[in-house]
Each structure stands twice: as structure tokens, then as C-alpha cells.
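Report on the following structure.
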Protein chains: 2
Amino acid sequence: MDTALELFYANGFHATGIDKILKQSGVAKMTLYNHFKSKDQLILAVLRRRDERFRAWLKEAVERRAETPRERLLALFDALEEWFNGPDFFGCMFINASAEFAKHDDPVHAVARLHKRLVLSYVRDLAAAAGAAEPEALARQLELLMEGATVVAQIGGSSDAAQRAKQAAETLIAQAVAGAQPSLERPLLGIR
Amino acid sequence: MDTALELFYANGFHATGIDKILKQSGVAKMTLYNHFKSKDQLILAVLRRRDERFRAWLKEAVERRAETPRERLLALFDALEEWFNGPDFFGCMFINASAEFAKHDDPVHAVARLHKRLVLSYVRDLAAAAGAAEPEALARQLELLMEGATVVAQIGGSSDAAQRAKQAAETLIAQAVAGAQPSLERPLLGIR
DNA sequence: AAGCGTAAAGACAAATCTGTCTTTTCAACC
DNA sequence: GGTTGAAAAGACAGATTTGTCTTTACGCTT
């Protein structure tokens, strides 16, 4: 599955043949088909593993960088920057998967939707903890910046998409928490 | 080429066989290979046509909706909404193409990069005309929102991604033009 | 009306794809 | 130590892929 993930991510799903995965991993064909009924099932399993690992990594990378919820919202984009500039960045695997399996009722699409919902949920929790007046609204705005940065980094070749998104996020966050819970937030912001 | 564009867009590049394009379009195989040396060349030609048509459509859709540069920046997102809710929306074809041809030096990738640069250029012109202090910076922020909205609309199933992006754009635009060219912009904004 | 060029139609080759089957090998466990 | 279960290795089938070649038909021009 690690090999499948690596090859699917770097070369696409349709372009990656079963044989290539088997050859590179040293696994026999019957072993693969004993664990997965078909290539599509393997793809779904790989995506589910990717979802778990990516969200765990994102959470860790954010918490490693910042303590307060508001700073963690911004740290999201520093984490993205780390991802973008990594040696093997080929965009968001779920965006890529949705591109290849475009039909809206495809199981692959459902897994991608779930992944995005779960990431959004994490951002919403941070937004709520940061004192946003409407956490859901702020989270969805930041989600747009995150996805946008990912796409621009993939196509444009990394560059500074993450930091530009971070700057935009600062503006949006400032506007979203303005006036919300002033008794708690204002003094903390004053000494920042 | 119209058929190829339709099938590539709806089903992906690798998943769409030459035979399916030929059958649906009624074109003979030798005719295709007489005009294009290979499938890859056809893909590149299709993407270039898509680039021209999409940018022409975007420009028209924006100018149809708004007169002033600032309003046109916002109209970008209304245009996107129209696109997202259209009958045959399968995300951005260039994002999809970059997903399938992930290698950074692939010719497909180059065409996608060029397309994004040209769209960004259009947004930058609007941002400059709208009186942004730093048109390039604002354009890149709005670009993030546009790409993000496209991805969220594709994966999440349209929803209200475009309008949420528009709201975020209002905040970013307001911040980017604040204080810039006040003698020209302020009176106009006052009567708006 | 004759001829030239292009497209249609389809056979064909060679490679590659997914998925199945068989045989051999190896390792763990009682 | 013998047995059992799983994995390795690879042949194989059937479908599908891209790309080439040949033959037939049609349309435009002179």
C-alpha cells in the first residue's frame, strides 16, 4: 500500500499499472488480489490511508508551531508551506483523485468529499476556539485559501503560495474575530 | 476536438480512449492521426483551445455583469458561480490535467501554468484598475480564492463556494484599496 | 467530366491492462 | 519434525490501448 500510494500520487491512478506497483514493492500479484478485490478497491484503501495520515500530520504540524487557536489558524499555512516544499509534492491527492474520477457518484469522489469535510471540521474547531463570530463561515473562507494555495503551488511550482494565503488569512481572521468576545480577546491581542 | 474536449473533461485524459472520441465524433482514425501526431498532441491542442475559450468566456461574463473595475473583481466570483452550477462542470480542466500529468516538466503542465498565468494577468489588470495599492499582491490573493472555490465546488458539489469566496474577496479588496488613490476612489465609493 | 485529395471504414500489429490460475517456496506453529 | 497457510513467481486469458496500413467513397476543382 505504501508503494501504491507513492506511485498513484506521483503518476496518477489510471497511469499507474498494477504490475508497476507489484514490481516496485516486490509483492506477488495474487497476494495483492487476495487482500483487495480489484484495483479500485486498492485505490479506495490507499486514499483512506492517505486521509488518516495527512490529517494526523496536519494536526501535528500545526500544534508543533503554535499554541493559541488564532496562531494555529495561521500556522495552518506554514504547515502547508512545509508540505509544498517537500521533496515529493504533487498537489492534494484527493483533488487529483477527484480529477481522474470526475463522476460525482464515484466512490473515490465520496472519499475525497469526506476528507475535505474532516479537514474543514478541524479548521472550524480552531476558528471557534479563536473566537470567530461565525466559525463555520471563517473556516470555509480559510478552506478556500488552503485549497487555492495547494493548487497554485502544484501548478505554479510551489513559489510563495502558502505565505500569500497566510497574509490573506490574517485579513480574514482579523475581520472574523473583530468584536467577537472582546473581553477575552482584546487584552491578549494587545500584548501580542 | 470538441468531442475530445468534452470527453477528456468529463472522464479524464487517460481514461478516455482514442476510439471513444472517434466513435462519438464520427471521425476516422486516420483523419485524427493526420492532424495530430499522437494522443498527447491532441491533448495539448485541446487544452490550448480550452484556454482560449475559457478566458474569453470569463472576460465576457465579468464585463457583462459589472462596469467598474472594483465591481468586476467581485463579478469574477459571480461568473465562477455560473460556471459551477452549469450542467457540465467537472472542475478546472487545467487542474485536472496537472493532476494526471503530475511531472513538473510535462508539456501538459506547461500549458496549465500558462493558462493560470494568463488568468492571473487579467485579475491583476482589474486589481490595478480598481486602485489596489499592490495589484499583484491582491490578484494573487484573489487567485487563491478562485482556485479554492473551484476545487471546493468540484469536490463538495458546487454548494455556495463561489459566494463564500466572493465575501472573502470583498474583505481582501477593501483592505487592498484602503488609502490607495483616495482622491479618485473615495468620492465614487461614497455615492455607491 | 476527369482527376486529385481527403476522409471514412475497418483490419491489423504490438504493447499493456486487469484479473485468474497453477506451482513452488517458505515460514510459523503444534 | 511434519503440517498448514500464505506468499512468491510466472504463465495465461481476454479485453483494451495507441498507432499504422489499406481500401473504398466522396467532394471539389479545373
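Chain letters run A, B, ... following the sequence lines, proteins first, then strands; residues in each count from 1.
Using cut-offs of 30° and 60° for the angle between ring planes, the Tyr9(A) and Phe90(A) rings count as perpendicular. In this pair, Phe101(A) and Phe13(A) present their aromatic rings perpendicular. The plane angle is above 60°, beyond the 30 to 60° band.
Atom NZ in Lys39(B) sits roughly 15 Å away from atom P in dT20(D) (whole-Å rounding). Atom CG in Asp19(A) sits roughly 13 Å away from atom C1' in dA11(D) (whole-Å rounding). Put simply, NZ on Lys20(A) is 7 Å from P on dC17(C), counting in whole angstrom units. Rounded to an integer number of Å, the gap from His14(A) NE2 to dT17(D) C1' is 13 Å. In this structure, the NZ atom of Lys23(B) is 16 Å from the P atom of dA8(C), given to the nearest Å. If you take CD1 of Ile18(B) and P of dA9(C), they are 17 Å apart, rounded to a whole angstrom. Here dG19(C) presents its P atom at 12 Å from CG of Leu22(A), a figure rounded to the nearest Å. Distance, Leu32(A) CG to dT20(C) C1': 13 Å, rounded to whole Å.
Out of dT20(C), dA8(C), dT18(D), the shortest distance to the side chain of Tyr33(B) is found at dT18(D). In the set dG10(D), dA7(C), dT20(D), the nucleotide with an atom closest to the side chain of Met30(A) is dG10(D). Checked against dA9(D), dA7(C), dG19(C), the side chain of Ala28(A) finds its nearest nucleotide in dA9(D).
Regarding contacts with the backbone of dA7(C), a side-chain N or O of His35(B) is found under 4.0 angstrom from either OP1 or OP2. Regarding contacts with the backbone of dT6(C), every side-chain N or O of Asn34(B) stays at 4.0 angstrom or more from both OP1 and OP2.
The backbone N or O of Ala130(A) sits nowhere less than 3.5 Å from a side-chain atom of Arg70(A) that would complete a donor-acceptor pair. Judged by distance alone, the side chain of Ser121(B) and the main-chain N or O of Arg117(B) form no donor-acceptor pair under 3.5 Å. The main-chain N or O of His14(A) is found under 3.5 Å from a side-chain atom of Glu100(A) such that the two form a donor-acceptor pair.
Residue-to-nucleotide proximity on DNA chain C shows that, of Ala15(A) and Lys29(B), the 5′-proximal contact is made by Lys29(B).
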